[in-house]
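Reviewing the structure listed below.
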Amino acid sequence: MELIILGCHSASPRQNFHTSSQLLKFKNHLFLIDCGEGTQMRLREEKISFTRIKHIFISHLHGDHFYGLIGLINTFKLLGREIDLNIYGPKGIKEVILIQMKLSKSFTNFNLIFFELEKKYPEVIFEDDLVKITTIPLKHRVYTNGFLFEDKLKTKKINYDNVNLYKIPSTFYEKLKEGFDYKDGKGNLVKNSMLTFNSISPFSYAYCSDTSFFTKIVDQIKNIDILYHESTFLNRDIDLAKKTKHSTAQQAGKIASLANVNQLILGHFSTRYNEKSSFVLEAQKEFKNVILAEQGKKYNF
Ligand SMILES: [Zn+2]
Ligand SMILES: [Zn+2]
């Protein structure tokens with residue numbers, strides 16, 4: 001999995017401080033998560049193929065998370081896109097996009113398919129053979145969801161010495177990775193444990209922005225690999241965090257600790273802070289394995 005941070009700041013975009021958007025390369029998919037103003041320029045900077053983006057997930061209808069969407073849709077049209085575009089977001093997202101298109105008398109040559117969300121409990125919104133995506137209802141000033149991306153298959157690593165020894169045909173390797181035993185034409189059985197190494201548990205990534213400190217999400221993200229959690233404020237502005245229903249870095253650390261995740265990525269920083277090292281220090285009071293989201297940085301997991 002590769003995660004590219006297109007923007008990780010709150011409120012309004014400034015040069016080199018773009019608002020929320022990230023691209024997740026996951027099992028042959030390119031998932032765009034949130035689409036703050038100027039996201040299309042960030043996609044160009046990162047040399048991302050526009051046509052490969054087929055699914056866009058919008059957490060909530062605050063401008064720093066979706067003001068880039070209408071512009072991106074228009075550019076897709078200008079580039080002659082024909083393939084469907086699926087947009088997942090809060091109820092109202094269809095109306096807000098279509099009214100802009102209607103009043104500007106614009107249209108698309110591709111299908112715009114909206115999946116409007118309004119449930120207050122986790123809901124599976126995308127699933128194929130390899131990936132499952134579930135909403136993570138958050139607590140913010142407006143209806144907001146995070147998203148949990150999960151690898152569906154527990155794949156095993158092939159023990160090549162032994163598969164050669166037992167002359168297992170390579171066409172059976174995928175089955176071995178899924179845990180099946182091998183039976184040859186004469187009915188002889190070779191146990192899967194002889195042919196593979198320990199399973200690698202399925203990968204999982206959760207995007208949680210924007211939200212106040214909300215322990216209700218902990219059960220849903222228990223033991224996941226990577227958690228991106230908003231940390232708009234530092235402790236000295238905790239009153240502001242409460243008032244605006246955002247989190248501090250330490251609160252993000254607390255959620256990571258309660259959920260026992262592998263790694264925490266902090267993001268959605270207020271532009272009031274010039275340096276970011278305090279975010280790490282405050283989160284580490286609760287949870288050690290913390291990194292900062294950095295615009296343009298690619299994380300491979
Ligand atoms: Zn925001
Ligand atoms: Zn917000």
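Given the structure is predicted, the values throughout are model-derived calculations rather than measurements. First listed ligand is number 1; within each ligand, the first listed atom is number 1.
- The aromatic rings of H65 and H268 sit parallel to each other, their planes meeting at less than 30°, with 60° as the upper class boundary.
- Residue E230: no N/O/S atom is found under 2.8 Å from the Zn ion (ligand 1).
- Not one N/O/S atom of H62, from backbone or side chain, sits under 2.8 Å from the Zn ion (ligand 1).
- Between Y143 and H60, the side chains place no donor N or O within less than 3.5 Å of an acceptor N or O (distance only, hydrogens not considered).
- Closest N/O/S atom of D210 to the Zn ion (ligand 2): OD2.
- Relative orientation of the Y88 and F57 rings is parallel, given thresholds of 30° and 60° on the angle between their planes.
- Residue-level check: among N/O/S atoms of H140, NE2 sits closest to the Zn ion (ligand 2).
- By the 6.0 Å and 45° rule, K157 does not stack over the aromatic ring of F197.
- One of the N, O or S atoms belonging to H65 lies under 2.8 Å away from the Zn ion (ligand 1).
- Our summary of the site lists the angle at the Zn ion (ligand 1) between NE2 of H268 and OD2 of D64 as 90°, to the nearest 10 degrees.
- The aromatic rings of Y207 and Y228 sit parallel to each other, their planes meeting at less than 30°, with 60° as the upper class boundary.
- Taking 2.8 Å as the threshold, H246 does not count as a candidate ligand of the Zn ion (ligand 2), since none of its N, O or S atoms lies below it.
- If you check the side chains of Q40 and T75, you find a donor sitting under 3.5 Å from an acceptor.
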